[in-house]
Amino acid sequence: QVQLVESGGGLVQAGGSLRLSCKASGRTFSLYTMAWFRQAPGKKREFAAYITLNGGSTYYTDSLKDRFTISRDKAYNTVYLQVNSLKPEDTAIYYCAARKLRYGTRQDEYEYWGQGTQVTVAS
């Protein structure tokens with residue numbers, strides 16, 4: 001049974017940093033694109049970043065690319081999101097998602113999702 005479990009969220013002061021983790025289980029994920037989305041209270045879920053199969057390439061939302069870094073471990077079953085210089089508007093639930101072979105920035109392109117980890121940035 002495929003599961004994605006996020007961790008690493010919490011309360012941080014503006015300007016601080018967090019490293020979010022997503023642990024995937026249930027199958028081998030070396031051929032899957034892994035992505036991070038986020039959803040702020042009262043707003044639609046938005047794309048943040050993805051990393052392709054075998055960590056071959058990365059892509060970021062333009063507004064986040066200078067502060068966010070996505071990576072995955074050598075076993076390909078854990079993906080990370082390093083978030084720096086956090087702002088209050090970064091407050092959101094951060095979700096991990098996965099899809100096989102293909103990549104994209106739309107929610108409906110991803111077939112597997114975690115339950116999310118809460119990031120709260122205090123001003």
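The figures here come from the full heavy-atom set of this structure, side chains too, leaving out hydrogens, waters and symmetry mates. Bear in mind that the values here come from a model prediction, so they are computed numbers and not experimental data.
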I'd like a table of donor-acceptor pairs (distance under 3.5 Å, sequence neighbours excluded) in which one partner is a side-chain atom from residues 115-123, with atom names and distances.
| from | atom 1 | to | atom 2 | distance (Å) |
| --- | --- | --- | --- | --- |
| T117 | OG1 | G9 | N | 3.1 |
| Q118 | NE2 | A92 | O | 3.4 |
| Q118 | NE2 | T120 | OG1 | 3.4 |

So, does R72 use its side chain to make a donor-acceptor pair with the main chain of T52 at under 3.5 Å? yes
Could you check whether any side-chain N or O of S85 sits under 3.5 Å from a backbone N or O of R67, counting only pairs where one atom can act as donor and the other as acceptor? no
Return the set of residues passing side chain to side chain donor-acceptor pair (under 3.5 Å) with [X] (not counting sequence neighbours), or none when no residue passes.
X: R27; value: Y32, Y112
X: Y95; value: none
X: E46; value: R38
X: Q82; value: N84

Could you give the distance from [atom1] ([X]) to [atom2] ([Y]), rounded to the nearest 0.5 Å?
X: Q107; Y: K44; atom1: CD; atom2: NZ; value: 8.5 Å
X: R102; Y: T33; atom1: CZ; atom2: OG1; value: 8.0 Å
X: N77; Y: S25; atom1: CG; atom2: OG; value: 8.5 Å
X: R99; Y: M34; atom1: CZ; atom2: CE; value: 13.0 Å
X: K65; Y: T58; atom1: NZ; atom2: OG1; value: 8.5 Å
X: T78; Y: K23; atom1: OG1; atom2: NZ; value: 5.0 Å

For Y110, ring pair (Phe, Tyr, Trp, His ring centres under 6.0 Å) partners two or more places apart: F37
Got a sec, which residues hit ring pair (Phe, Tyr, Trp, His ring centres under 6.0 Å) with Y60, two or more places apart in sequence or on another chain? none
Counterpart residues, side chain to side chain contact (heavy atoms under 4.5 Å, CB included), relative to [X] (two or more places apart):
X: S21; result: S7, Y80
X: S30; result: T28, N54, Y76
X: T61; result: F47, S63, L64

Salt bridge (Lys or Arg N to Asp or Glu O under 4.0 Å) filter on D62, not counting sequence neighbours, yields none
Name all residues meeting the salt bridge (Lys or Arg N to Asp or Glu O under 4.0 Å) criterion together with R19; count only those two or more places apart in sequence or in a different chain, and write none if there are none. none
May I ask you to test the Y103-I51 pair for a side-chain heavy-atom distance under 4.5 Å? no
